[in-house]
4 protein chains.
Amino acid sequence: MTVASIASATLTPRERHARPSTRKKLDRLLMKAAALIADKGFAAMTMRDLGAALDMSLAGLYHYFANKEDLLFQLQYRTFSALLGQQETIAAQPGTPEEQLGRLLTGHLQFFARHTHELKACTFELESLGGAHYRVIEEIRRRYYRMLTSVITQVIRGPTGAARATRQDRHATLFVFGMLNWIFMWYDRTRHGPVEQIGVEMCDLILHGLEHRRRHAGGREAHPRLDDAYQRR
Amino acid sequence: MTVASIASATLTPRERHARPSTRKKLDRLLMKAAALIADKGFAAMTMRDLGAALDMSLAGLYHYFANKEDLLFQLQYRTFSALLGQQETIAAQPGTPEEQLGRLLTGHLQFFARHTHELKACTFELESLGGAHYRVIEEIRRRYYRMLTSVITQVIRGPTGAARATRQDRHATLFVFGMLNWIFMWYDRTRHGPVEQIGVEMCDLILHGLEHRRRHAGGREAHPRLDDAYQRR
Amino acid sequence: MTVASIASATLTPRERHARPSTRKKLDRLLMKAAALIADKGFAAMTMRDLGAALDMSLAGLYHYFANKEDLLFQLQYRTFSALLGQQETIAAQPGTPEEQLGRLLTGHLQFFARHTHELKACTFELESLGGAHYRVIEEIRRRYYRMLTSVITQVIRGPTGAARATRQDRHATLFVFGMLNWIFMWYDRTRHGPVEQIGVEMCDLILHGLEHRRRHAGGREAHPRLDDAYQRR
Amino acid sequence: MTVASIASATLTPRERHARPSTRKKLDRLLMKAAALIADKGFAAMTMRDLGAALDMSLAGLYHYFANKEDLLFQLQYRTFSALLGQQETIAAQPGTPEEQLGRLLTGHLQFFARHTHELKACTFELESLGGAHYRVIEEIRRRYYRMLTSVITQVIRGPTGAARATRQDRHATLFVFGMLNWIFMWYDRTRHGPVEQIGVEMCDLILHGLEHRRRHAGGREAHPRLDDAYQRR
DNA sequence: GATGAATGAGATTTCATTCAT
DNA sequence: CATGAATGAAATCTCATTCAT
């Protein structure tokens, strides 16, 4: 899934009638904006920054966005829609709950790897949206949350288990989201390896916990690496 | 541990010579600042906001902080120092690695519960510091990270296990930090119950995984709650 | 030479690409700024003052100047370049060293009369520029200084005299600059007469000294004036 | 004449009753203030700068000065009074007008050499005083100006010459003040030699002009110096 | 005398946004 | 579509000055 495909995943009403050439340009704008927001935060990014980064006049930007917040909204709307769409497709495929969980984790992490900036802007800047915009995006997030909760509940109670998630199931889901979303704070491909491997490890922890790992320790990491995590920036 | 105790936990050089009355006032300022930063983000909090919230003149604030960033630095320095101090004390107590992990998780969550605003400002605004300030704070964070890594490694490899953490041990630690830090995004005492209970559940997941829970499901939650998570703000 | 001609004498890189209409406006801004700086000094002139004097918003000024110092730099750069250009043209004309000195003094004083504010801001605010800006302007000043030194050396040693100025020649040049630059502190056309007359007197003093005047005194000022010097502001 | 002697030269009413210890301290304050003003200008010097330079609290300064302008006034009043006093003493001594002029020039330059900062603050910051303060200082300056005018007139018209200075005599005086005051902009003892030598050269120029020097050139500077003027800062 | 704390006024600069062209 | 010019509002920070202690 390319960035362009995020762009066209779901369209905001305003742009549904835009011509393809306009859409192309809009994609470029949003991608650059995502990079800036991911880097410095939405409040700290200025429209001037964006104009300069795009080699474009300040006034020109306002042909594409009603205002700064609208820019963030469009970015989040597209990105979250694309992520949700992808994950719903994955969840629709057959398999045990454990398999589904694994596929979802990997899918999320792959999306993260491909759209780091965009997803970061979505994950950490929801609060920068106000009122109506906020609610639209939150609804998408909630759908995603409910989907994952459902899978986790099935892992615990079996595929035919009680449909209703318990309080603890929900907490567990929130723990999982924490693991997934915190990755922005530390992941570096050259240091931590491909996201698929991270996904496997995360799934392992979630399903079996550390104890399981202990029982299998020793043979686990035949060639202990000397690299280091969470260091040297 | 009260906020005042955070304040005096460790002192910045500048304030080591300040008189107690000055320190009291400084505590008040930092506490209010933490609340505002936690609410809207550091970039979006203005010195005016802070002055108004404290019923104090703008110029007056600059008696306590060299500039806005210095304010954030002082806040992070104190809070992280206090957290680290507390956790190192806890880690020094005897017990199995599993017990230690449990106590550390609970300790962290209790600190969070008591100093929500301060800790949030620390957790999400590290990047708002530049250069020298950044490095000072990062070093504290790193010490905390290493401490938790060590405990987790012992859980996996046993108390006498290899001192050297593997790459996967470090990833696991980062997953755990994700769970802990993401809590700012959802926790609400009236909805999710006391943090001690959250700590138990988190520890359970980390040690045994979901499968374990499945084996014990059924009796677990005799009275399924009707409340809902991640909703209604 | 009009103010507009100062403006276009030499262009700062930034503005070389500006359109004529922009340049016109910039001229107006700099002229007004020069008046304010001449009146109260650079440090005491505020951007607000300037905006008000131009009936223009504060923010609007920042379209033309990166910051307050840049404003001063542009002003000095243009003015000094124009003065130097004019004087180099004069110096290139044939004549005895004495004639050249006289023409240069008159040229300088005429420039002063036509661009009093601008030249004052240049003469007394060099130290208000920092680092790189300072050096650029100082180089222009130095060229002017060297030119005048050369002429004065020729007056003393003859047109074919030693090319190398002695220490005393250089001191004499500095004395001459003192006479020229101090004029800002006292000259008032209605009280002291046209600058051309001042130029003649100054040249006379420099070439022949007071003694010469003594020898010719008596007939000199047939109708002693009753006006007053250095008074009533 | 030491700085302390400037201080006690003439007293402002306010301080006439101060005790000696207070006066000592006041001297120190004014001396430091003069240095700062000479360096950055009066408007750019802040009371904080001064407090820091003196290792003294901001509020403490206000025991010695009613306000910032009063500080400048006191400084100018003392310095100018001391200079005027010294020069009047010199002028009272017998000798030809030419001798008197020479002694006055040398006296002025020596005062400059001993009290560079103080005199600079007086010479270039008169306009920073307002209303009443301005007039008091200006009166002192005027007395100095009249004294020098009188001597110069006598040089031209002889000791018994018309008491009334002509317009040109006054202009010549202003030229001389220009030479004297501009010295702040370039003089550096290590580069230009002692002020007494500068005084001789200046007097020579004023009395005889460059032509005279030409007639005597060649033998003048037996060992042409290689140093350079107005360069390399 | 001396000082820490405090402040009103104001300085420079930035920002999102608009509009005529 | 695109841009240069412009601006109101506001942000950070500074400054001279005061006052209780």
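Residue numbers begin at 1 in each chain, while the letters A, B, ... track the order of the sequences.
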Residues forming a side chain to side chain donor-acceptor pair (under 3.5 Å) with H133(A), sequence neighbours excluded: E69(A)

With sequence neighbours excluded, tell me which residues meet side chain to side chain donor-acceptor pair (under 3.5 Å) with S128(A). E125(A)

Within less than 4.0 Å of OP1 or OP2 of dA2(F), is there a side-chain N or O belonging to K25(A)? yes

For the pair made of [atom1] in [X] and [atom2] in [N], what is the distance, rounded to whole Å?
X	N	atom1	atom2	result
Y62(B)	dC15(F)	OH	C1'	14 Å
N67(B)	dT13(E)	CG	C1'	16 Å
H63(A)	dT17(E)	NE2	P	15 Å
F65(C)	dA6(F)	CZ	C1'	15 Å
L61(A)	dC1(F)	CG	P	14 Å
E69(B)	dT12(F)	CD	C1'	13 Å

For R48(B), all residues meeting side chain to side chain contact (heavy atoms under 4.5 Å, CB included), sequence neighbours excluded: T46(B), L58(B)

Test applied, side-chain contact (heavy atoms from CB on, under 4.5 Å); reference residue, Y64(C); option that passes from R28(C), M56(C), Q74(C): M56(C)

If a pair means Watson-Crick or G-U wobble with both distances below 3.5 Å, what does DNA chain F look like in dot-bracket form, with | marking bases paired to a different strand? .||||||||||||||||||||

Can you sort out which residues in residues 46-59 of chain B have a heavy atom within less than 4.0 Å of DNA chain E? Ascending by number, please. M56(B), S57(B), A59(B)

Find which nucleotide of DNA chain F each of K68(B) and A43(D) is nearest to by heavy atoms, and output the residue with the more 5' nucleotide. K68(B)

For the student: nearest non-hydrogen atoms of Q76(D) and A121(D), plus distance: NE2-O, 3.2 Å

Between L129(D) and F73(D) the two heavy atoms that sit nearest each other are CD2-N, 3.9 Å

Pairs satisfying salt bridge (charged side-chain N to carboxylate O under 4.0 Å, His left out), at least one member in residues 32-46 of chain D, at least two apart: K40(D)-D49(D)

